[in-house]
Amino acid sequence: MPRPILATIHPGALHHNLQHLRAAAADAKVWAVVKANAYGHGIERAYTGLRGADGFALLDLSEAERVRALGWRGPILLLEGVFEARDLELCSRLGLWHTVHCDEQIDMLALHKTHEPHRVFLKMNSGMNRLGFAPERYRAAWTRLNALPQVDEISLLSHFSDADGAPGVAEQLARFERATRDLPGERSLSNSAAILRHAQDAHVRADWVRPGIALYGSSPDHPQHSTTDWQLQPAMTLSAKLIAVQTLQVGDAVGYGSSFVAERVMRVGVVACGYADGYPRICPTGTPVLVDGMRSRTLGRVSMDMLVVDLSELPAAGFGSAVTLWGRADNGAVLGIDEVAACAGTVGYELMCALAPRVPVQVLAAS
Ligand SMILES: Cc1ncc(COP(=O)(O)O)c(C=O)c1O
């Protein structure tokens with residue numbers, strides 16, 4: 001028998017979240033961002049739930065090949081563009097649209113031999129200072145691209161650094177608007193947070209939105225808003241079973257470092273999930289879990305293959321009981337990945353991307 005641990009992908013939730021984001025973005029077209037293997041869900045597994053998108057946005061050329069292999073004939077956008085000249089051959093062959101964020105990428109395009117001119121998204125560094133041309137250099141880059149026979153259409157793109165927080169998007173938006181005022185082409189600016197918090201402004205939602213994290217059922221601005229607030233459903237459940245039960249006496253400790261010590265007699269359960277499965281080791285005593293769909297908490301340190309949970313209030317729980325580490329339990333109760341991530345001092349993105357390869361994954365039939 002395999003170890004009793006399982007990740008479940010919910011295509012129905014992906015579909016729901018996509019439709020919800022589409023509604024929030026009014027008339028904008030939607031890129032489903034599926035980089036990092038669909039944020040750890042698996043591109044092939046997520047595809048059924050996301051194929052109602054207008055396009056797929058990702059980073060790796062091999063991921064683009066996988067999306068084409070699934071039969072997707074629509075737009076695919078490389079969010080970081082090409083990394084070396086020969087990547088352009090694959091762009092030509094697979095009809096990929098690609099971001100252009102630096103002079104070196106324009107140099108490569110200028111030398112590229114193709115009969116099919118490319119659609120490119122020219123990226124502006126409007127304040128995040130990762131990728132893109134500074135606003136004062138943007139027009140020159142556009143003019144250079146526009147003169148290339150290898151390019152047929154130029155769209156305009158930037159990325160917000162603070163759409164999820166108080167600084168918001170106004171300053172970056174103003175820079176982008178000023179620098180692109182009379183340039184033609186479709187525009188794309190918004191990630192999940194910008195869509196959910198700012199897309200009532202038509203300039204923010206623009207022509208294409210690019211949601212990632214919200215598609216997968218994690219709130220982009222937790223804890224200010226939960227997934228319930230945003231009406232998002234978890235697309236991944238991580239569940240395991242109790243493989244042992246212990247009764248602690250007063251003074252008994254749990255796990256490495258004996259960091260939890262019982263102050264009363266209590267039952268605890270040992271779960272077949274540890275940090276080698278992608279559950280964060282840093283999660284302290286008290287991190288929420290669901291046991292048979294009922295809320296409980298972890299106790300002591302997370303080990304490589306096991307963690308321990310409190311069964312004090314759950315007398316019916318025992319060997320074989322189902323434990324939901326995040327996602328949806330069989331009784332419909334939900335433990336948001338954001339809550340667990342917060343206990344680990346991180347965000348839902350990191351937990352879903354860190355699901356370990358050794359965890360078997362099933363895809364629920366879409367309802
Ligand atoms: C350029 C770009 N667009 C869109 C996204 C999607 O962002 P989110 O997952 O916050 O919606 C990302 C992710 O980091 C990105 O890098």
Side-chain angles (χ1 to χ4, degrees), residues 8-36 38-41 46 49-54 56-57 159-170 172-173 188-206 208-238 288 290 295 324-329 332-353 364 366-367:
T8 303
I9 307 301
H10 307 276
L14 291 165
H15 176 77
H16 163 90
N17 297 337
L18 174 62
Q19 293 315 114
H20 188 65
L21 288 155
R22 189 183 275 296
D27 45 359
K29 286 173 278 190
V30 182
W31 293 109
V33 178
V34 294
K35 65 193 175 109
Y39 288 46
H41 293 64
L50 296 179
R51 67 177 161 204
D54 299 293
F56 287 92
H159 192 50
F160 295 127
S161 53
D162 289 287
D164 57 335
V169 300
Q172 279 184 268
L173 180 65
S188 178
L189 295 165
S190 289
N191 61 357
S192 299
I195 297 165
L196 292 170
R197 292 168 65 100
H198 304 285
Q200 56 286 6
D201 179 343
H203 295 277
V204 174
R205 60 178 190 268
W208 288 87
V209 292
R210 307 188 305 270
I213 193 70
L215 289 173
Y216 303 100
S218 166
S219 168
D221 61 354
H222 182 88
Q224 195 183 345
H225 294 98
S226 68
T227 45
T228 313
D229 296 333
W230 291 130
Q231 296 171 47
L232 300 170
Q233 300 176 3
M236 178 194 286
T237 294
L238 179 62
L290 303 176
R295 251 177 118 90
T324 307
L325 287 318
W326 59 71
R328 189 181 291 278
V334 169
L335 172 58
I337 196 168
D338 301 319
E339 260 195 87
V340 182
C343 291
T346 186
V347 285
Y349 298 74
E350 189 175 349
L351 265 55
M352 48 181 82
C353 289
L364 274 196
S367 50

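Source: prediction; values computed, not measured.
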Walk me through whether Leu173 and His203 qualify under side chain to side chain contact (heavy atoms under 4.5 Å, CB included). CA-CA 8 Å; Leu173 180 65; His203 295 277; 4.2 Å; yes
Validation row: Val209, Trp31 side chains within 4.5 angstrom (heavy atoms): no
Would you indicate whether the side-chain heavy atoms of Trp326 and Leu351 approach each other to under 4.5 Å? yes
Any side-chain heavy-atom pair of Val34 and Leu50 under 4.5 Å: yes
Measure the acute angle between the ring planes of Tyr216 and Tyr39, then classify it against the limits of 30° and 60° as parallel, tilted or perpendicular. parallel
Measure across Ala46 and Ala38 and return the closest heavy-atom pair with its distance rounded to 0.1 Å. CB-CB, 3.9 Å
Please check: side-chain N/O of His198 versus main-chain N/O of Ala163, any donor-acceptor pairing under 3.5 Å? yes
Determine whether more than 12 heavy atoms belonging to other residues, nucleotides or ligands lie under 6.0 Å from atom NE2 of His16. yes
Please check: side-chain N/O of His225 versus main-chain N/O of His222, any donor-acceptor pairing under 3.5 Å? no
From CD (Glu350) to CD1 (Ile337), nearest 0.5 Å: 10.5 Å
Arg210 meets the salt bridge (charged side-chain N to carboxylate O under 4.0 Å, His left out) criterion, sequence neighbours left out, with none
Around Glu339, counting heavy atoms of other residues, nucleotides and ligands shown, do more than 12 lie under 6.0 Å from its CD? yes
Taking His20 for the side chain and Trp230 for the main chain, is one N or O donor matched with an acceptor at less than 3.5 Å? yes
Just wondering, do Leu196 and Pro220 contact through their side chains at under 4.5 Å, heavy atoms? yes
Using modelled atom types only, decide if a donor and an acceptor are shared between the side chain of Asp338 and the backbone of Ser219 within a distance under 3.5 Å. yes
Heavy atoms, side chains only, cut-off 4.5 Å: are Leu21 and Leu215 in contact? yes
Go through the steps for Thr237 and Thr324 under the test side chain to side chain contact (heavy atoms under 4.5 Å, CB included), then give the verdict. CA-CA 7 Å; Thr237 294; Thr324 307; 4.0 Å; yes
Side-chain contact, heavy-atom cut-off 4.5 Å: Leu335 with Val340? yes
Using a 3.5 Å distance criterion without hydrogens, assess whether the side chain of Ser226 forms a donor-acceptor pair with backbone atoms of Asp229. yes
Short side-chain to backbone donor-acceptor contact, Gln233 and Leu14, under 3.5 Å: no
Distance-minimising heavy-atom pair for Ile195 and Ser190: CG1-CB, 3.9 Å
Here the pair of heavy atoms bringing Gly348 nearest to Ala341 is N-CB, 3.5 Å
Any side-chain to backbone donor/acceptor pair from Arg328 onto Ala333? Under 3.5 Å, distance only. no
Hey, are the side chains of Met236 and His10 touching, using non-hydrogen atoms and a 4.5 Å cut-off? no
Short question: side chain of Asn191, backbone of Ala194 - any donor-acceptor pair under 3.5 Å? yes
4.5 Å side-chain heavy-atom contact, Pro11 and Leu364: yes
Check Arg197 with Asp164, please: is the shortest side-chain N to carboxylate O separation under 4.0 Å? no
The reported gap from CZ in Arg51 to CG in Leu18 (rounded to nearest 0.5 angstrom) is 12.0 Å
Once you round to the nearest 0.5 Å, how far does SG of Cys353 lie from NZ of Lys35? 7.5 Å
Looking at Pro211, is its backbone amide N or carbonyl O close enough to the side chain of Ser192 to form a donor-acceptor pair, meaning the two atoms are under 3.5 Å apart? no
Could you go step by step and tell me if Arg295 and Leu290 meet the side chain to side chain contact (heavy atoms under 4.5 Å, CB included) rule? CA-CA 4 Å; Arg295 251 177 118 90; Leu290 303 176; 3.7 Å; yes
